[in-house]
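Okay, structure first, notes after.
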Amino acid sequence: MQQQRDLNRTRERIMAAALREFAANGFAGARTDAIARRAHVNERMIFYCFESKEGLYRAVLKQKLAAKAAMIESTPEEDFASSLVTGFDECCDDIDSLRMWQWEALDKTNRKLVAEEERRAFLQSEVARWRRAKASGMLPADADEEMLLLVSCALRIFPLILPQVISLVTGMDPLDPEFRQRWTACLECIGQRLFAPAIKSGDGLKLEAKKQGPVKARKQSPPSAAAGGGRH
């Protein structure tokens, strides 16, 4: 039992070191000997625990996806605005994972994505969450849940993938507490205004009638009555 616990701790230490190495150099540039040095283990332990560098990369990704999935499951009724804020905070706390995805985007070798099936399943689960939100009336009926997920991703990660733009515009680093506070407020505003509760068509007609009614009445009233009855 103690031996298994020690092995599990070694695996966790290797994955933590691998995350930093993959974030710094990408999958192609990462070296298992460098990961071993970071983790303070013999390089052979990496291959004993994960069989290959790709196996280690897959394990790191799966660990991160599992953590994200658990967070989503813990907030099944989260609205769009809240999900933007939560997602941005999560990205700020885990920039290394974001860097791994950026390195993949820069890879021009057309290498098959590691853990492609697991990642597709995770993203489709997010699409399904917004599909359920649309069915329950939390989102407009004409919302495109796939495009909505892409918009959400873009808003959550933009400051972190182009920090130089943030610096040029605001003079701040995206991890600066003041910037994070301002960006969070912006995300809340976008989310709330983009998907404010829609007024049913019938209610909309009633509301429009109420707005137009007093206007017509004022037009039909004598000038003196209109002047005396208005609020100042």
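Since the structure is predicted, the reported quantities are computational estimates derived from the model, not experimental observations.
- Few gaps surround CD on E117; more than 12 heavy atoms of other groups in view lie less than 6.0 Å from it.
- For the salt bridge (Lys or Arg N to Asp or Glu O under 4.0 Å) test, residues two or more places apart in sequence or in another chain that qualify with K64 are D94.
- To the nearest 0.5 Å, atoms CG (L7) and CZ (R9) are separated by 10.0 Å.
- Distance check, rounded to the nearest 0.5 Å: CG of D6 to CD of Q2 gives 4.5 Å.
- Nearest heavy atoms, P159 versus F88: CG-CE1, 4.2 Å.
- Separation of atoms CG (L84) and SG (C189) is listed at 11.5 Å; rounding is to 0.5 Å.
- Under the 4.5 Å side-chain contact rule for hydrophobic residues, W101 and V151 do not share a cluster.
- The local environment of NZ in K68 is crowded, with over 12 non-hydrogen atoms from other residues, nucleotides or ligands closer than 6.0 Å.
- Under the salt bridge (Lys or Arg N to Asp or Glu O under 4.0 Å) criterion, D79 pairs with no residue, sequence neighbours left out.
- Atom CG of residue N8 and atom CD of residue Q3 lie 11.0 Å apart, to the nearest 0.5 angstrom.
- By the rule that hydrophobic residues join a cluster once side-chain heavy atoms approach within less than 4.5 Å of another member, I190 and L162 end up as members of one cluster.
- The salt bridge (Lys or Arg N to Asp or Glu O under 4.0 Å) search around R20 returns none, not counting sequence neighbours.
- By the salt bridge (Lys or Arg N to Asp or Glu O under 4.0 Å) test, E116 pairs with K112, R120, sequence neighbours left out.
- Residue pairs that meet the salt bridge (charged side-chain N to carboxylate O under 4.0 Å, His left out) test with at least one member in residues 44-58, sequence neighbours left out, are E54-R58, R58-E118.
- Annotation for F47: atom CZ counts as buried by contact number, over 12 foreign heavy atoms lying within 6.0 Å.
- With S152 contributing its side chain and L148 its backbone, the two residues share no donor-acceptor pair below 3.5 Å.
- The ring pair (Phe, Tyr, Trp, His ring centres under 6.0 Å) contacts involving residues 137-174 comprise nothing, where partners must be two or more places apart or lie in separate chains.
- Scanning all heavy atoms of the two residues, the minimum distance from L155 to W183 falls at O-NE1, 3.2 Å.
- Applying the ring pair (Phe, Tyr, Trp, His ring centres under 6.0 Å) test to residues at least two apart or on different chains, the pairs with a partner in residues 115-137 are F80-W130.
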For this session: Verify side chain to side chain contact (heavy atoms under 4.5 Å, CB included) between L98 and Q102, making sure each step is shown before the conclusion.
Result: CA-CA 6 Å; L98 182 59; Q102 285 183 279; 4.2 Å; yes
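- Taking each heavy atom of S52 and G55 in turn, the nearest pair found is OG-N, 3.0 Å.
- Judged by distance alone, with hydrogens and angles left aside, the side-chain atoms of T170 form no donor-acceptor pair with the main-chain N or O of S167 at under 3.5 Å.
- Within the structure, every pair that satisfies the salt bridge (charged side-chain N to carboxylate O under 4.0 Å, His left out) test and touches residues 137-157, not counting sequence neighbours, is listed here: R131-E145, K134-E145.
- When all heavy atoms are compared, the tightest approach of A18 to L56 is CB-CD2, 3.6 Å.
- A donor-acceptor pair under 3.5 Å is formed between the side chain of R119 and the backbone N or O of V114.
- Between atom CG of residue L123 and atom CG of residue L149 there is a gap of 6.0 Å, rounded to the nearest 0.5 Å.
- By the criterion of side-chain heavy atoms lying less than 4.5 angstrom apart, applied directly or through intervening Ile, Leu, Val, Met, Phe, Trp or Tyr residues, I161 is grouped together with F179 in one hydrophobic cluster.
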Indicate every side-chain donor-acceptor pair of residues 25-36 with a distance under 3.5 Å to a residue at least two apart or in another chain.
residue	atom	partner	partner atom	Å
N25	ND2	E21	OE2	3.0
R31	NE	D33	OD1	3.1
R31	NH2	D33	OD2	3.4
T32	OG1	E43	OE2	2.4

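- Cluster annotation: M138 and V85 are assigned to distinct hydrophobic clusters (Ile/Leu/Val/Met/Phe/Trp/Tyr, side-chain heavy-atom contacts under 4.5 Å, transitive).
- Sorted by first and then second residue, the salt bridge (charged side-chain N to carboxylate O under 4.0 Å, His left out) pairs with a member in residues 168-177 form an empty list; sequence neighbours excluded.
- Interatomic distance, CD of Q63 versus CZ of R11, reported as 9.5 Å (0.5 Å rounding).
- The shortest distance between side-chain heavy atoms of L175 and L160 falls below 4.5 Å.
- Other residues sharing the hydrophobic cluster of L150, ordered by chain and number and joined by side-chain separations under 4.5 Å: M147.
- Residue pairs meeting the salt bridge (charged side-chain N to carboxylate O under 4.0 Å, His left out) criterion with at least one partner in residues 180-192, sequence neighbours excluded, are D89-R180.
- Considering all non-hydrogen atoms of both residues, M100 and A23 come closest at CG-N, 4.1 Å.
- No path of Ile, Leu, Val, Met, Phe, Trp and Tyr side chains, each step under 4.5 Å between heavy atoms, connects L65 with Y57, placing them in separate hydrophobic clusters.
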